[in-house]
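Working notes, beginning with the structure itself.
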Amino acid sequence: MCGIVGYTGCREAYPILIKGLHRLEYRGYDSAGVALLSENGNLNIYKAVGKVSNLEQQAAGHDCSGTIGIAHTRWATHGAPNERNAHPHISQSGALTMVHNGIIENAGVLRDQLRTRGFSFRSDTDTEVLLQLIEYTRQKHNLDLASSVRAALKKVIGAYAIAVIDKDTPDTIVVARKSSPLAIGVGEADSEFFIASDASPIAGYTNRIVYLKDEEVAVVRKDHELVITDLNAGRVDVQTKEVDLDLTMLDKGGFPHFMLKEIFDQPAVLRDCMRGRILPAHKRIVLSAVTEHREELIHAKRYLMVSCGTSWHAALIGKQLIEQFCRIPVEVAYASEFRYSDPVVGPGDVVFAISQSGETADTLSAVQMATERGAMVFGIVNAVGSSIARASDTGTYIHVGPEIGVASTKAFTGQTTVLAMLALAIGREKGTVNEEDYLAALDELGQIPDKISRILEKNDEIKALAQKYTDKKNFLYLGRGMNYPVALEGALKLKEISYIHAEGYPAAEMKHGPIALVDEDMPVVFLATHHNLYEKILSNMQEVAARKGRVLAIVSEGDTVVRGIAEHVIEVPHTANFLCPLVSVIPLQLLAYHIAVAKGLDVDQPRNLAKSVTVE
Ligand code: AGP
């Protein structure tokens with residue numbers, strides 16, 4: 001999704017803006033641009049299609065001076081990804097320039113109205129419409145920039161995070177947000193300010209961050225106190241948060257891609273995720289949200305889980321974990337469907353919102369709807385201070401560090417780990433898990449990071465295997481029980497980075513249709529680890545082998561039966577049934593990664609995808 005960076009202060013803005021854009025590259029984008037206001041009052045704007053490095057080439061040799069500027073990475077919504085549509089846009093008079101993340105849904109109507117008032121447009125974007133509306137309002141009512149922004153925003157329907165500069169006020173950026181994230185980094189004694197879509201471009205400059213709330217407008221002026229108002233110009237308290245961001249976590253750490261680094265990060269970050277929560281000395285899991293909301297959690301009528309993509313797959317695992325250990329019914333919904341389904345949800349229900357970024361628009365809307373209807377919202381989020389984390393009543397961070405690769409890996413295992421801890425903690429409070437099983441489960445959970453490390457040692461083996469499958473056009477992934485969501489996740493990983501069509505299915509469902517696809521050209525990946533449905537999956541595997549499907553199986557160490565059926569096997573360590581997704585998903589992440597690399601594709605920023613989907 002689009003990324004915004006801005007700076008006003010005493011330093012040269014350009015290097016800060018470019019570095020910030022690089023840190024936002026993970027969000028996914030198709031063009032980039034920067035606007036700088038130089039000392040002599042010139043507004044210099046540079047844009048390029050493709051990578052931020054193209055923008056740097058474009059700007060090289062031109063005037064990039066100035067201590068105030070805004071910059072943007074664009075993920076096209078209105079209009080093709082070309083230079084004309086790239087941000088920053090400039091107003092008709094040339095006085096205002098703006099960057100925007102979000103969608104203005106009534107842009108068409110507003111454009112027509114502005115045309116009748118003498119405005120013309122250089123781009124196909126909704127952003128330019130909003131900018132011209134701000135300019136029109138400013139000229140018509142002779143308003144200052146902040147007042148014209150507020151007045152214009154009252155007329156728009158949709159989502160926005162914007163940053164606007166006016167040549168007449170050369171030290172000020174006006175920013176605003178609704179449904180799209182925006183953070184303001186506050187420098188020493190308000191001398192300088194950093195603006196960004198998330199905290200990562202601000203890291204290293206200041207850890208004092210203000211997260212704008214919906215329909216708030218901030219006047220960000222160097223050497224001046226930060227002023228925030230609502231759309232009616234009412235002053236709003238400025239709430240500054242201290243956010244610790246580890247800069248080393250934003251580096252590739254010697255790996256060729258963020259995705260591979262994040263796959264290899266998993267043992268360490270899962271230890272971080274459990275640290276302080278699993279107390280080995282006391283043989284207990286302690287989650288503060290469970291302690292604080294014990295009564296609501298154990299007496300809930302039912303639980304609902306809302307999420308998207310990989311986080312939705314984690315929710316499918318969470319459902320099985322909660323139902324097994326807590327005996328509470330759990331419904332899992334795609335957030336995008338939930339929000340428009342007039343859901344039966346209300347007091348007594350607990351809604352778990354699962355999101356890596358904490359900014360996914362569909363999940364955030366589902367949270368808001370659940371809150372309006374009286375349910376308690378429990379966030380399971382990675383990005384600290386993100387919109388979903390703030391909109392939740394309580395929650396547990398997964399604490400796996402920033403995930404930069406568009407294909408989610410460590411967030412999935414982090415979410416699964418938190419869901420397992422949660423199920424055990426609530427089950428123990430509710431009395432639905434006995435002490436012996438609880439202690440055994442705790443012990444197994446503690447061993448997971450080491451077991452993942454052992455699977456990662458097979459990286460070269462999986463890389464060699466991947467070379468055999470790069471020319472394939474289709475893949476099937478089959479699993480049962482706890483491994484069924486892993487089949488879905490394996491298929492999603494493959495399709496999003498290798499562009500190979502892949503489907504995940506519950507293995508037994510295959511004979512109700514998908515088996516028609518099986519022939520000697522169809523790789524079928526079986527999740528056949530030793531778990532409660534192992535025997536059942538063997539029969540499904542035989543059915544595929546009998547039709548000459550090419551079976552590739554993930555098995556538990558020492559398995560000899562599957563070796564007799566499958567063309568290739570990858571062994572993973574034994575673990576308890578409820579934890580098998582945490583080991584069986586690792587080879588699938590590596591397989592997808594190596595197939596995509598072998599095909600020469602952009603693994604970290606696959607085509608058409610955004611890391612943080614902040615539009616519906
Ligand atoms: C996973 O690899 C994805 N790129 C995507 O499905 C992602 O999980 C989804 O967009 C939800 O994001 P979130 O966890 O940040 O809410």
Side-chain angles (χ1 to χ4, degrees), residues 1 3 24 26-29 75 179-181 197-198 200 257-260 262-263 266 305-318 332-339 351-368 377 379-392 395 397-416 418-419 477 485-486 488-499 502 504 585 588-593 596 601-616:
M1 288 289 113
L24 291 179
Y26 75 90
R27 295 166 71 89
Y29 67 103
W75 189 77
S179 303
S180 294
S197 295
D198 64 37
S200 57
H257 297 99
F258 280 113
M259 183 180 175
L260 190 62
E262 287 159 6
I263 292 172
Q266 289 175 109
M305 295 189 175
V306 291
S307 45
C308 306
T310 287
S311 300
W312 184 77
H313 298 155
L316 294 178
I317 295 170
V332 176
Y334 281 119
S336 53
E337 291 296 313
F338 176 88
R339 63 186 290 197
V351 173
F352 290 85
I354 306 177
S355 174
Q356 187 287 127
S357 62
E359 301 295 349
T360 301
D362 286 320
T363 310
L364 182 57
S365 295
V367 164
Q368 287 158 347
V377 176
I380 297 179
V381 172
N382 190 32
V384 175
S386 56
S387 303
I388 294 171
R390 284 179 283 126
S392 300
Y397 281 116
I398 63 171
H399 284 318
V400 296
E403 190 180 64
I404 311 290
V406 164
S408 190
T409 51
K410 63 178 179 174
F412 175 76
T413 47
Q415 290 161 343
T416 304
V418 164
L419 286 161
Y477 285 74
V486 179
L488 297 180
E489 176 60 7
L492 178 64
K493 286 290 87 76
L494 187 71
K495 64 187 134 191
E496 63 182 342
I497 59 169
S498 75
Y499 317 148
V585 77
L588 303 191
Q589 295 171 343
L590 287 170
L591 184 69
Y593 170 80
L601 298 171
D602 187 346
V603 172
D604 284 335
Q605 287 154 34
R607 70 183 182 202
N608 307 337
L609 292 182
K611 181 65 183 164
S612 175
V613 186
T614 53
V615 294
E616 68 166 294

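Both ligands and their constituent atoms are indexed starting at 1 by order of listing.
Within the 4.0 Å heavy-atom shell around ligand 1 one finds Val406. Residue contact check for ligand 1: Lys493 places a non-hydrogen atom closer than 4.0 Å to it.
Looking at Lys611 against ligand 1, nothing comes within 4.0 Å, counting heavy atoms. Residue contacts with ligand 1 for Glu496 involve side-chain atoms from C-beta outward but no N, CA, C or O (heavy atoms, distance under 4.0 Å).
Counting atoms of ligand 1 from 1 in the listed order, those under 4.0 Å from a heavy atom of Thr310 are 1 (C), 2 (O), 6 (O), 8 (O). Ligand-side atoms of ligand 1 in range of Ser408: 1 (C), 2 (O), range being under 4.0 angstrom from any heavy atom. Of all the atoms in ligand 1, the ones that sit under 4.0 Å from a non-hydrogen atom of Ala407 are 2 (O). Ligand-side atoms of ligand 1 in range of Ser311: 8 (O), 13 (P), 14 (O), range being under 4.0 angstrom from any heavy atom. Shown in contact with Gln356 at under 4.0 Å from a heavy atom are these atoms of ligand 1, numbered in order with element: 13 (P), 14 (O), 15 (O), 16 (O).
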*Quick one: do Ile354 and Ile388 satisfy side-chain contact (heavy atoms from CB on, under 4.5 Å)? Show the steps, please.*
CA-CA 9 Å; Ile354 306 177; Ile388 294 171; over 6 Å; no
*Any chance you could lay out the side chain to side chain donor-acceptor pair (under 3.5 Å) test for Gln589 and Thr409, step after step, and finish with the verdict?*
CA-CA 7 Å; Gln589 295 171 343; Thr409 51; 5.0 Å; no
_Determine whether Arg339 and Asp362 satisfy the following criterion, side-chain contact (heavy atoms from CB on, under 4.5 Å), listing intermediate values before the conclusion._
CA-CA 7 Å; Arg339 63 186 290 197; Asp362 286 320; 2.7 Å; yes
*Show your reasoning for whether side-chain contact (heavy atoms from CB on, under 4.5 Å) applies to Thr310 and Leu492.*
CA-CA 8 Å; Thr310 287; Leu492 178 64; 3.5 Å; yes
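Using a 4.5 Å cut-off on side-chain heavy atoms (C-beta onward), Ile497 and Asp604 make no contact. In this structure the side chain of Ser408 reaches within 4.5 angstrom of the side chain of Lys611, judged on heavy atoms.
Scanning the protein for heavy atoms near atom 10 (O) of ligand 1, the closest one is Val613 CG2, 4.0 Å. The protein heavy atom nearest to atom 13 (P) of ligand 1 is Thr360 OG1, 3.2 Å. Looking at atom 15 (O) of ligand 1, its nearest protein heavy atom turns out to be Ser357 OG, 2.7 Å.
One option in Cys308, Ser386, Ala335, Gly309 has a heavy atom closer to atom 11 (C) of ligand 1 than any other, and that option is Cys308.
Glu403 places no side-chain N or O within donor-acceptor distance of the main-chain N or O of Gln356, the cut-off being under 3.5 Å. Asn382 contributes no side-chain N or O that, together with a main-chain N or O of Gly358, makes up a donor-acceptor pair within less than 3.5 Å.
Classified by interplanar angle (parallel below 30°, tilted 30° to 60°, perpendicular above 60°), the ring pair Tyr593/His257 is perpendicular.
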